[in-house]
Amino acid sequence: MTPVVHRARTAEPLVGLTSPGRFVDGGFRAAKALLDVVDPCSGRVFAQIGEGTSTDVDDAVAAARAAAPHWARTTPRQRSELLHRIADRLVEHTGVLTRLESADTGKPVAVARDDLEQAVDTFRFMAGAVRAPTSAAAERYAVDHLSVLHREPLGVVGVVTPWNYPLLMAVWKIAPILATGNTVVLKPSEYTSLTTLKLAELTGDLLPRGVLNVVTGTGPVVGARLAEHPDVAMIALTGSVASGRAVARAAADSLKRVHLELGGKAPVVVFADADLPAAASALRTAGYWNSGQECGAACRVLAEDSVAEELIELLAEQVGGLVVGEPGAGEDVEIGPLVSRAHFDRVTGYLDRARAQGIRAAVGGAALPGDGYFVAPTVLADVPEGAECAREEIFGPVVTVEKFRGEEEAVARANDTQYGLAASVWTENARRSHAVAAGLDASTVWVNDHLVLASEMPWGGFKGSGYGRDLSLYALDDFSRTKHVMHNLGR
Ligand code: NAD
């Protein structure tokens with residue numbers, strides 16, 4: 001059965017947005033040229049943002065550089081208190097932030113609200129963690145010499161974020177970068193800049209000017225200038241593998257640090273002894289959260305041969321019940337549209353080619369009629385090994401199911417991918433849960449669950465999914481440098 005798209009406009013989505021310009025040195029500056037922002041539910045232009053230039057980036061970097069020495073001298077406690085105040089400010093503005101995020105991305109209100117809760121928790125975690133550093137104590141490690149370890153900020157950090165979690169991905173970077181005493185120039189995705197601009201506005205009276213700057217615009221102009229800029233000490237990108245390569249190349253001449261959170265294609269390995277209804281129910285969320293536009297999505301199921309058909313049936317039943325609609329259509333909406341026309345064409349292209357290859361859609365399999373970029377939640381069954389849809393990141397509401405025989409084949413097939421971001425294993429066997437989790441080449445592995453995150457634990461990639469860690473103490477390490485000062489006590 002084809003799902004119905006529940007329709008209802010979000011009332012006045014832009015109430016509360018003050019400026020489409022860039023935010024530099026503590027205030028908004030008007031843009032010379034503008035880019036249209038399109039409502040993914042209708043395909044119509046509903047806002048505009050500044051189309052930044054490389055000169056705009058240079059101005060923002062200069063402001064961030066000027067602010068850096070003073071900000072670097074603040075104490076962890078002072079920065080911590082400010083991060084807590086930013087978190088409080090976000091909570092106070094939950095309504096406007098979730099409305100803007102839903103309008104810009106099309107994501108259901110429940111997803112936008114969850115993003116905001118996670119963003120608030122990230123600020124609070126980093127605010128606490130920066131006050132309790134863990135490293136070697138000052139000590140006489142060499143005879144008559146006292147070693148002291150300093151943790152220093154890097155200076156100006158450039159950040160480039162994607163469109164799938166605009167506010168949350170910005171905060172995953174901003175919180176540890178500011179906590180460790182750096183200043184920031186951030187470029188949001190040109191598709192979804194509104195909540196990042198709002199965040200800059202909301203923190204404008206809290207942070208010293210120049211500490212947080214936002215320049216909107218396209219990747220090849222604004223992002224590329226940030227990556228190559230000689231006064232930017234580090235560039236952190238969350239985005240596709242192609243953008244990661246471009247950023248790493250642009251950063252090479254200045255030898256700046258590079259931090260890359262790239263794509264994923266998470267395998268979900270389901271053994272015959274697994275609790276199949278629990279797996280199907282978890283996949284309903286983990287495979288389709290944020291319309292599957294999620295780097296860790298449970299999108300590639302590998303099911304043991306003997307239970308594959310049963311799992312496909314259970315999954316089709318779960319997925320067939322997902323509620324599709326516009327964010328304004330109600331709290332029960334679980335799936336929104338895809339973010340843009342270009343992405344919609346990409347995802348439906350994968351579905352068309354899978355169909356042409358004779359791959360069966362157990363449920364869904366095509367775009368939904370009417371305005372906007374809605375695609376039916378889809379389960380592709382009996383997918384042959386190596387098929388395009390099981391190999392490449394589709395980044396939409398599409399889960400593929402392949403079959404395997406035995407533990408060894410399961411691990412080998414799950415690891416046969418360029419990505420290494422996330423994976424899960426489903427089994428009631430304790431020995432197998434440890435062995436398979438250890439064998440999977442992904443930096444996050446869940447056992448009998450998928451897509452549960454905690455601010456205390458690192459998130460990032462192996463292999464083609466990039467390097468560097470978000471969240472946890474590891475992010476604080478990544479965005480700072482250690483200096484060893486050794487005093488000769490014999491003189
Ligand atoms: P994208 O790579 O198209 O864009 C990401 C950002 O990079 C945008 O701001 C874009 O303008 C910018 N960009 C593009 N070309 C650039 C260039 N040459 N130089 C500098 N910046 C450039 O990615 P997207 O479509 O916005 O996001 C989806 C991708 O992000 C998926 O691959 C997804 O897996 C990945 N992602 C990864 C994580 C993670 O934690 N690993 C989280 C979210 C999204």
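What you see is a predicted model, and the numbers here were worked out from it, not measured in a lab. First listed ligand is number 1; within each ligand, the first listed atom is number 1.
- A ring-centre distance under 6.0 Å is found for Trp163 and Phe395.
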Do any side-chain atoms of residues 239-247 form donor-acceptor pairs under 3.5 angstrom with protein atoms, and if so which ones, sequence neighbours left out?
residue	atom	partner	partner atom	Å
Ser240	OG	Ser243	N	3.3
Ser240	OG	Ser243	OG	3.2

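- A donor-acceptor pair is defined here as one N or O able to donate and one able to accept, closer than 3.5 Å; no such pair exists between the side chain of Asp115 and the backbone of Ala112.
- Lys187 and Thr218 form no side-chain donor-acceptor contact under 3.5 Å, judged by distance and modelled atom types alone.
- A heavy-atom cutoff of 4.0 Å around ligand 1 is satisfied by the protein residues Val160, Thr161, Pro162, Trp163, Asn164, Met169, Lys187, Pro188, Ser189, Glu190, Gly219, Gly223, Ala224, Leu237, Thr238, Gly239, Ser240, Ser243, Ala246, Val247, Glu261, Leu262, Gly263, Gly264, Cys295, Glu393, Phe395, Leu421, Trp459.
- A salt bridge links Glu331 to Arg113: one of the charged nitrogens lies within less than 4.0 Å of a carboxylate oxygen.
- Distance check, rounded to the nearest 0.5 Å: CG of Leu315 to CD of Gln318 gives 7.5 Å.
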